[in-house]
Protein chains: 2
Amino acid sequence: MRYELYYWPDIQGRGEFIRLALEQAGANYLDVARLPAQDGMGMPAMMDLLQNSAVPAPPFAPPFLKAGKLLIAQTANILFFLGPRLNLVPEDDASRLWANQLQLTIADLVTEVHDTHHPIAGSLYYKDQKAEAMRRARFFIAERIPKFLNYFEHLPVPKAKDAPYLIGDALSYVDLSMFQIIAGLRYAFPQAMRHQEPEYPRLLALHALVASDPRIATYLVSPRRLPFNKKGIFRHYAELDA
Amino acid sequence: MRYELYYWPDIQGRGEFIRLALEQAGANYLDVARLPAQDGMGMPAMMDLLQNSAVPAPPFAPPFLKAGKLLIAQTANILFFLGPRLNLVPEDDASRLWANQLQLTIADLVTEVHDTHHPIAGSLYYKDQKAEAMRRARFFIAERIPKFLNYFEHLPVPKAKDAPYLIGDALSYVDLSMFQIIAGLRYAFPQAMRHQEPEYPRLLALHALVASDPRIATYLVSPRRLPFNKKGIFRHYAELDA
């Protein structure tokens, strides 16, 4: 199966949670919007699927994934679908629900990260909501980062001793997403994370373990890994990291 | 199977999406936190599950559902689980993914509704973030309600002619959730909805159809249906409905 991922071509954003799963599994996939428009790819191909009223199951927004005849949107939903196919989740129903539950909790955190720099409207520039962003970011750092990371840090430990995995005894897509959360929070809020990180040894160990996975390590230094920047979800503005 | 729903006892909130599904299906369930503490129920029972470190799959927050040995959290995840058991989603995998995708899009809208009155922090009172709330609500009404509702209004029409269902040819849990969205937006933003509603005839027909479902109609006039209020997700503040 060759998967087609559709996501904004110049940011990690929510697409990155899908990319990490596809990359770790060595899946055959196209990152469509980043490919040339003259080959029928690029942004025109993505916008066509977003705006074409003949699409039977239209997405509300990127990311979305084409897998054969299926077109699937919503990050956690895409990962729910891909999990067993990429061997990135235990196959039993209870484990898949548990993985989905954790992934949706990560999605909630991601939305809160986004809203630190866009607390008023996605259609406004950051500079036009900076005062509100500074206020929201203070609460995010003081209350929400600890609330979320403490929850994940103290999830039941798997049976395999010393393994930091969040689900079962092997790497899952939830672990890959938690890697991205730690990487993103470190990029966006370096000062806050320097203070808080020592509280989360398990999550840091998980981050390091994922970073050292051979396929992920290769991916991270490849041009396929976009850098963090000031257009994505995790953004570094020094004034928000007080 | 007797289900146990755990949710804050004095608001509709996210729990209402689960209640509507259980009620429409005539399921046997307990709304645990609303039952007497002296019977082992009530808030103590809910807080115990939230704080007990021996719970193998702990929830981050309510709502959560106990179904036999399973403890499941995250609204969309609970509905994904319940859907086939309550006969509220087509059974094939593609339909279940599609339903989940739509439910997650509804969940995104619900978060945005919440943030109209809490754009800075959940830990602050509304009055302490009212200026920011007024600014966010203006954008929500002008840009986000139309964006979301137009998306749902123009989803592909099912084969059964004249049926407003969002998925397939029968009532699904997504339809019940869309009923709640329309009801909630009408409560919170009556002026804005009076202006915008004529754009969404399909969603209004769906709202009316769900309201006239015999079990839902019975539920809505029963004491089990909590009223909308100023503690929930949909809140009416006249100054936010300009």
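Just so it is clear: chains get the letters A, B, ... in the order the sequence lines come, proteins before strands, and each one is counted from 1.
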Here the gap from A:Leu104 atom CG to B:Leu104 atom CG, rounded to the nearest 0.5 Å, amounts to 5.5 Å
Ionic contact status for A:Asp115 with B:Arg136, cut-off 4.0 Å:
yes
Residues of residues 232-242 of chain A with a heavy atom under 4.5 Å from any heavy atom of chain B, in residue-number order, are none
From the list B:Ala121, B:Ala57, B:Ala94, the residue making the most non-hydrogen contacts under 4.5 Å with chain A is B:Ala57
Between the CG atom in A:Leu70 and the CG atom in B:Asp93, the distance rounded to the nearest 0.5 Å is 9.0 Å
Honestly, the part of B:Glu143 sitting under 4.5 Å from a heavy atom of chain A is side chain
When the 4.5 angstrom heavy-atom criterion is applied to B:Lys147 and chain A, the contacting part is both
For residues 80-91 of chain B against chain A, heavy atoms under 4.5 Å, the residues are B:Phe80, B:Phe81
Those residues of residues 170-177 of chain B that come under 4.5 Å of chain A on a heavy-atom basis, listed by number, are none
Greatest number of non-hydrogen atom pairs under 4.5 angstrom with chain A, of B:Ala61, B:Ala107, B:Pro156, B:Ala73, falls to B:Ala73
Checked A:Lys69, A:Glu112, A:Glu132 vs chain B; the most non-hydrogen pairs under 4.5 Å come from A:Glu132
Tightest non-hydrogen contact, residues A:Arg135 and B:Ile120, listed as CG-CG2, 3.8 Å
Value for CG (B:Asn77) from CG (A:Asn100), rounded to nearest 0.5 Å, stands at 4.0 Å
Value for CD1 (A:Ile72) from CD (B:Gln101), rounded to nearest 0.5 Å, stands at 8.0 Å
When the 4.5 angstrom heavy-atom criterion is applied to A:Gln129 and chain B, the contacting part is both
Here the ring-ring contact (aromatic ring centres under 6.0 Å, His included) pairs for residues 89-112 of chain A, sequence neighbours left out, are none
Exercise. Are a donor atom and an acceptor atom from the side chains of B:Asp108 and A:Gln74 found within less than 3.5 Å of each other?
Worked result: yes
Rounding to 0.5 Å, atoms CZ (B:Arg144) and OG (A:Ser123) come to a distance of 8.5 Å
The interface call for B:Thr105 against chain A, heavy-atom contacts under 4.5 Å, is both
Could you tell me how the ring of A:Phe60 sits relative to the ring of B:Tyr151: parallel (under 30°), tilted (30 to 60°) or perpendicular (over 60°)? perpendicular
Value for CG (A:Leu71) from CG (B:Leu97), rounded to nearest 0.5 Å, stands at 11.5 Å
Applying a strict 4.5 Å limit to non-hydrogen atoms, the region of B:Pro56 in contact with chain A is backbone
